[in-house]
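Starting from 1, each residue takes its place in the sequence as its number. Quantities reported herein were computed from a predicted structural model and do not represent experimental measurements.
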Amino acid sequence: MAAQFRSTEALIDALADASFDRPPALVSNAHVTGLGVARALNAHDVPVIALDRPSDDAGGGGDGGGGDDGTRRHDGLAPPSDAVDLAGAVTYPLDDLDGFREDVAAVVDAIGREAVAFGCMDEWALAYARADPDGVRLPFAGIDTLDDVLNKSELYATCEALGVPYPETYRLAETAEAATGSPEPDATLDEAAEALGFPLVVKPELKRDFEEAFGTNVLEVADREEFADAVAAASEAGVAVMAQKRVDIATGRDHSLASYVPPSGVEDALGVVGNAAVRYPQQFGTSCLVETADEPEIEARALAVLDDAGYHGISEAEFVYDDERGEFLLLDVNTRPWKWIGMPVAAGANLPMAAYAAVTDAEYESAGVEPTRWVYLRDYLALLAGDDAFWDQLSAGDWRRLVAGEFEREGDLTTGVYRPSDPAPAAKLFETEFVDRDYYCAC
């Protein structure tokens with residue numbers, strides 16, 4: 001366990017006294033997703049160093065505001081885990097990419113050998129790729145490929161070429177000057193409104209700049225006036241946007257391909273299809289109950305898109321089921337680990353370990369995939385307590401095994417945070433849940 005979350009300087013000092021018999025993994029951020037990755041790697045004795053920005057880092061610098069003992073406040077759940085060896089602060093890459101590069105390079109220099117980077121949110125994955133710090137091995141494709149996959153214009157153009165269904169979408173002429181993708185605009189604002197009707201969804205070509213401008217990665221607009229205001233604001237912010245049909249999504253039928261594609265290509269991919277059976281909130285929230293699913297068409301379509309892009313690495317290809325069209329539509333591809341990364345790991349497809357092995361001397365081979373369910377109890381219990389229309393999908397036996405801790409040894413259920421064999425993250429969640437402050441990221 002990382003007993004402390006240290007300042008950058010204190011972390012470097014601690015690393016100078018540590019030794020590693022194999023390349024450690026650098027896991028960022030250090031919350032729910034980072035915890036899942038750390039546990040997956042620790043199961044194969046890979047040392048883990050969690051890097052994040054501290055919770056009291058108002059100015060964004062890695063060392064500002066630290067205590068005299070070199071510790072920093074951090075509300076994320078990964079550092080207290082037994083799966084994390086050391087944890088500490090680095091400069092937040094969206095504030096200062098050069099500072100992030102320098103901090104990570106200094107961390108690697110203190111380690112005394114190369115390390116393997118796992119970015120667990122878009123900004124961290126892209127930062128490792130863009131900064132390319134000395135001594136860091138990247139178990140995923142380079143920045144040009146990442147940009148192509150994450151760019152919605154490029155993604156949907158690929159879907160069009162491959163015949164992969166996706167929501168009806170128009171690239172808007174009004175923000176074309178800000179576009180970075182190669183496809184040309186499809187329509188003006190008025191043409192898109194006439195084709196799609198209202199309400200419709202305004203989505204960015206690239207999420208990060210849109211999120212900074214609007215505080216969200218998607219906007220639903222009810223009429224032409226709201227639509228025009230959103231597009232004008234996007235144009236003012238220099239963000240290319242698209243208009244997309246509001247899909248009548250079938251609740252509980254969202255599916256994703258969780259996969260690791262090695263550099264050798266999709267023929268050697270390791271993957272599991274997961275069904276986000278329950279979200280919190282139910283319609284548009286994050287997954288809180290996910291189960292394995294037998295959907296070979298989803299797997300084939302997702303791998304075709306990844307193959308066309310030349311992407312290798314961990315990814316989640318998200319599909320929603322459109323009741324009106326009666327088919328699954330590709331909505332997004334996340335080129336990194338995500339909140340329920342622990343589900344494929346528990347099912348028998350340890351995607352982080354497969355990625356680690358591809359860039360080191362380690363070996364990993366899946367023994368096969370078994371039916372598995374993953375639950376994030378914090379959100380699942382909140383849904384049970386707050387939504388009278390929601391019926392519990394766990395059995396009495398499931399709850400008994402959860403309370404007793406027997407789920408770690410038997411059954412087909414795993415969890416996002418709560419593990420009696422690794423209790424500190426759940427204890428930290430209780431500690432932070434009932435104080436008057438928010439952690440900056442839900443994942």
Side-chain angles (χ1 to χ4, degrees), residues 1-3 5 20 22-52 74-87 115-121 124-125 139 258 260 270 272 274 287-290 292 314 316 336-357 360 362 364 366-367 369-370 372-379 401-402 405-430 441-443:
M1 164 193 310
F5 185 83
F20 303 97
R22 52 173 32 184
L26 307 179
V27 176
S28 308
N29 63 8
H31 200 39
V32 177
T33 305
L35 174 62
V37 171
R39 284 171 166 169
L41 295 170
N42 177 258
H44 292 265
D45 298 321
V46 175
V48 174
I49 300 169
L51 302 178
D52 203 347
H74 186 266
D75 293 340
L77 304 182
S81 169
D82 289 337
V84 174
D85 293 81
L86 291 163
V116 181
F118 289 85
C120 298
M121 296 291 289
W124 295 98
Y260 171 70
L270 176 64
V272 177
S287 304
C288 65
L289 180 63
V290 184
T292 52
I314 295 172
E316 178 203 14
R336 53 168 175 79
W338 56 97
K339 187 176 181 181
W340 51 272
I341 185 68
M343 189 279 272
V345 174
N350 191 325
L351 307 181
M353 190 58 203
Y356 178 88
T360 67
Y364 173 75
S366 171
V369 172
E370 298 292 336
T372 301
R373 295 169 296 156
W374 172 98
V375 62
Y376 182 50
L377 287 170
R378 185 260 179 225
D379 287 353
R401 282 187 289 272
L402 283 168
E406 294 169 355
F407 73 97
E408 293 194 77
R409 299 180 297 277
E410 62 181 54
D412 64 352
L413 187 63
T414 190
T415 58
V417 173
Y418 167 64
R419 304 272 179 90
S421 64
D422 184 23
K428 182 69 172 291
L429 182 58
F430 279 112
C441 170
C443 296

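Counting all heavy atoms, side chain and backbone alike, Val37 lies closest to Pro352 at CG1-CB, 4.2 Å. Annotation for Leu270 and Ser366: closest pair CD1-CB, 3.7 Å, computed over non-hydrogen atoms. Shortest non-hydrogen contact noted between Asn29 and Trp124 is CB-NE1, 3.7 Å. Among all heavy-atom pairs drawn from Leu351 and Ala258, the shortest one is CD1-C, 3.8 Å. Smallest separation of non-hydrogen atoms from Val46 and Pro23: CG1-O, 4.2 Å. Of all the heavy atoms in Ala125 and Arg336, the pair that sits closest is CB-CB, 4.2 Å.
Judged by distance alone, the side chain of Asp85 and the main-chain N or O of Pro47 form no donor-acceptor pair under 3.5 Å. Panel note: side chain Glu408, backbone Ser421; a donor-acceptor pair is recorded below 3.5 Å. Between the side chain of Asn42 and the backbone N or O of Asp45, no donor-acceptor pair lies under 3.5 Å. Judged purely by atom type and a 3.5 angstrom limit, Ser81 uses its side chain to pair as donor or acceptor with the backbone of Ala83. Listed for the Ser28 side chain is a donor-acceptor partner under 3.5 Å among the backbone atoms of Leu51. Judged purely by atom type and a 3.5 angstrom limit, Tyr356 has no side-chain atom pairing as donor or acceptor with the backbone of Pro24.
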Evaluate the criterion side chain to side chain contact (heavy atoms under 4.5 Å, CB included) for residue pair Met121 and Cys443; output intermediate values, then yes/no.
-> CA-CA 8 Å; Met121 296 291 289; Cys443 296; 3.9 Å; yes
Exercise for the section: Step by step, work out the side chain to side chain contact (heavy atoms under 4.5 Å, CB included) result for Cys288 and Val375. Expected result: CA-CA 5 Å; Cys288 65; Val375 62; 5.7 Å; no
*Evaluate the criterion side chain to side chain contact (heavy atoms under 4.5 Å, CB included) for residue pair Val27 and Ile49; output intermediate values, then yes/no.*
CA-CA 6 Å; Val27 176; Ile49 300 169; over 6 Å; no
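Rounding to the nearest 0.5 angstrom, the gap separating the OH atom in Tyr260 from the CD1 atom in Ile314 is 8.0 Å. Between Ser287 atom OG and Lys339 atom NZ the span is 7.5 Å, to the nearest 0.5 Å. Rounding to the nearest 0.5 Å places CD of Glu370 at 9.0 Å from OG1 of Thr292. Here CE of Met343 is found 7.0 Å from OG1 of Thr372. Values are rounded to the nearest 0.5 Å. Interatomic distance, Arg39 CZ to Asn350 CG, rounded to the nearest 0.5 Å: 13.5 Å. For the atom pair CG of Asp422 and CG of Leu35, the computed distance is 6.5 Å after rounding to the nearest 0.5 Å.
Counting heavy atoms from C-beta on, the side chains of Val290 and Arg373 never come closer than 4.5 Å. Between Leu429 and Arg378, the closest side-chain pair of non-hydrogen atoms falls below 4.5 Å. Residues His74 and Asp52 form a side-chain contact, since some pair of their non-hydrogen atoms from C-beta on lies under 4.5 Å apart. Within the 4.5 Å cutoff, no side-chain heavy atoms of Asp75 are placed close to those of Phe5. For the pair Phe118 and Pro139, the minimum side-chain heavy-atom distance is below 4.5 Å. Counting heavy atoms from C-beta outward, Leu402 and Leu413 have side chains that approach closer than 4.5 Å. The shortest distance between side-chain heavy atoms of Arg22 and Thr360 does not fall below 4.5 Å.
Looking at Arg419 and Asp82, no side-chain N of the basic residue comes within less than 4.0 Å of a carboxylate O on the acidic one, giving no salt bridge.
The six-membered or imidazole ring of Tyr418 lies near that of Phe407, with a centre-to-centre distance under 6.0 Å.
Taking the six-membered ring where the residue is Trp, Trp374 and Tyr376 present parallel rings, their angle staying beneath 30° rather than reaching 60°.
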